[in-house]
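Following: one structure in structure tokens, then a few remarks.
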2 protein chains.
Amino acid sequence: MSLINRDTDYAIKALCFMAKQNKEKLKVSDLTRALKIPYPFLRKILQALHKHGFLAASKGKGGGFILARSPRRIFLNDLILVFQGPLKLNNCFLNKKICPDVNSCLLRRKISDIEKRLKSELSLLTLDSLMINQERR
Amino acid sequence: MSLINRDTDYAIKALCFMAKQNKEKLKVSDLTRALKIPYPFLRKILQALHKHGFLAASKGKGGGFILARSPRRIFLNDLILVFQGPLKLNNCFLNKKICPDVNSCLLRRKISDIEKRLKSELSLLTLDSLMINQERR
DNA sequence: TTTAAATGATACCATATTAGTATCATTTGT
DNA sequence: ACAAATGATACTAATATGGTATCATTTAAA
Ligand code: FES
Ligand code: FES
């Protein structure tokens with residue numbers, strides 16, 4: 001059971017790589033060489049990142065992608081949101097026979113709390129924090 | 001993106017229902033009536049719960065299942081483990097080109113911490129705590 | 001001692017999600 | 001005009017999930 005799927009993983013790899021190439025515009029083929037991710041798949045992911053405002057794109061010859069935000073404004077939970085939809089545990093474990101009172105359900109509240117904490121922890125992981133990690137090696 | 005799949009969900013429903021029938025042996029058909037879960041599917045799930053020590057089973061005519069542990073010793077994270085495998089975020093976001101030092105990777109440590117906290121929070125949710133919820137309605 | 005009612009084990013099928021590809025349209029520098 | 005890039009989108013393949021079928025084994029009771 002993994003919280004992070006392939007799309008999100010590739011997106012992180014790509015964004016991180018781009019963050020290292022300070023401000024240089026990159027085309028998909030540059031990234032695919034470096035990251036060993038299949039060209040058309042990576043392209044789809046970069047297009048999605050563009051669509052959601054993480055990347056700026058320029059079309060035509062000499063075009064490519066470049067980060068549209070500071071790495072410290074790119075949060076892991078946002079990437080998960082884009083590629084995997086909203087994170088949620090489970091609305092309701094029990095059916096009416098067992099737990100008829102949806103509104104005052106203690107279990108639901110506990111689960112919702114866990115979900116919120118997880119989200120806030122994921123939002124503390126920024127692309128920036130990955131770069132810091134790089135500097136120390 | 002959900003942390004809980006159908007199997008785990010059904011397992012919780014079934015265990016919870018059984019916990020309410022204090023100590024009474026129940027056969028699959030009793031549960032399937034009450035929970036509206038398809039008979040063969042529920043049966044597979046109960047068999048798995050038995051295999052992993054959550055239920056005791058008696059075969060033959062008049063047989064059935066019964067809780068093998070106190071509800072306060074049945075933890076949500078254990079059920080997730082049985083039906084969805086070990087919960088892990090992601091081993092390694094970055095490939096060698098970007099993050100070559102697997103051992104001293106700050107990111108990995110942060111992710112591992114988040115994972116541990118999540119697990120420990122899920123382990124605080126016991127079947128017992130669901131029953132408490134029931135009493136209050 | 002036969003039989004019916006239960007679980008054990010396991011193989012199978014159906015559907016949904018995820019991973020990856022292909023293709024054509026649009027833009028743009030040369 | 002043309003080639004090189006992304007935009008959009010439809011398609012295919014592989015895997016995971018959800019659910020079924022079947023036969024073997026055990027056991028209480030007629
Ligand atoms: S678990 Fe669904 S309302 Fe309590
Ligand atoms: S992310 Fe894999 S070693 Fe750092």
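Quick note: numbers below take in every heavy atom, side chains included, and nothing from hydrogens, waters or symmetry partners. Chain letters run A, B, ... following the sequence lines, proteins first, then strands; residues in each count from 1.
A salt bridge does not link Arg117(B) to Glu121(B): none of the charged side-chain nitrogens sits closer than 4.0 Å to a carboxylate oxygen.
Contact between the side-chain N/O atoms of Tyr10(B) and the OP1/OP2 oxygens of dG18(D) is not found at any separation under 4.0 Å. Put simply, Asn5(B) has a side-chain N or O that comes within less than 4.0 Å of OP1 or OP2 on dG18(D).
The side chain of Lys61(B) lies closest to dA28(D) when the candidates are dA6(C), dA28(D), dT6(D). For Lys59(B), whose side chain is taken as the heavy atoms from C-beta onward, the closest listed nucleotide among dA3(D), dT25(D), dT6(D) is dT25(D).
No side-chain donor-acceptor contact under 3.5 Å links Thr126(A) to the backbone of Phe75(A). Checked by atom type and distance alone, the side chain of Thr32(B) never pairs as donor or acceptor with a backbone atom of Ser29(B) at under 3.5 Å.
One atom, CZ of Phe83(B), and another, C1' of dA16(D), lie 16 Å apart when rounded to the nearest Å. Atom CG of Leu35(B) is separated from atom P of dG19(D) by 14 Å (rounded to the nearest Å). Taking atom CZ of Phe65(A) as the reference point, atom P of dT27(C) lies 15 Å away to the nearest angstrom. In this structure, Asp9(A) places its CG atom 9 Å from P of dA19(C), rounding to the nearest Å. Nucleotide dG18(D) holds its P atom 12 Å from the CD1 atom of Ile4(B), rounded to whole Å. Atom-to-atom, NZ of Lys27(B) to P of dA4(C) comes out at 16 Å; the value is rounded to the nearest Å. For the pair Leu26(A) CG and dA4(D) P, the computed distance is 19 Å after rounding to whole Å. Separating the CD atom of Gln84(A) from the P atom of dT18(C) is a distance of 8 Å, rounded to the nearest angstrom.
Comparing Gly63(B) and Gly62(A) by the nucleotide of DNA chain C whose heavy atom lies nearest to each, the residue mapping closer to the 5' end is Gly63(B).
Using a 4.5 Å heavy-atom cutoff, the side chains of Ile37(B) and Leu31(B) are not in contact. Here the side chains of Leu35(A) and Tyr10(A) are not in contact, with every heavy-atom distance at 4.5 Å or above. When side chains are defined from C-beta on, Ile12(B) counts as touching Leu76(B), because their heavy atoms get closer than 4.5 Å. For the pair Lys20(B) and Phe17(B), the minimum side-chain heavy-atom distance is 4.5 Å or more.
Scanning residues 38-52 of chain A for heavy-atom distances under 4.0 Å to DNA chain C yields Pro38(A), Pro40(A), Phe41(A), Arg43(A), Lys44(A).
Within the nucleic acid shown, Ser29(A) has no heavy atom closer than 4.0 Å to any nucleic acid atom.
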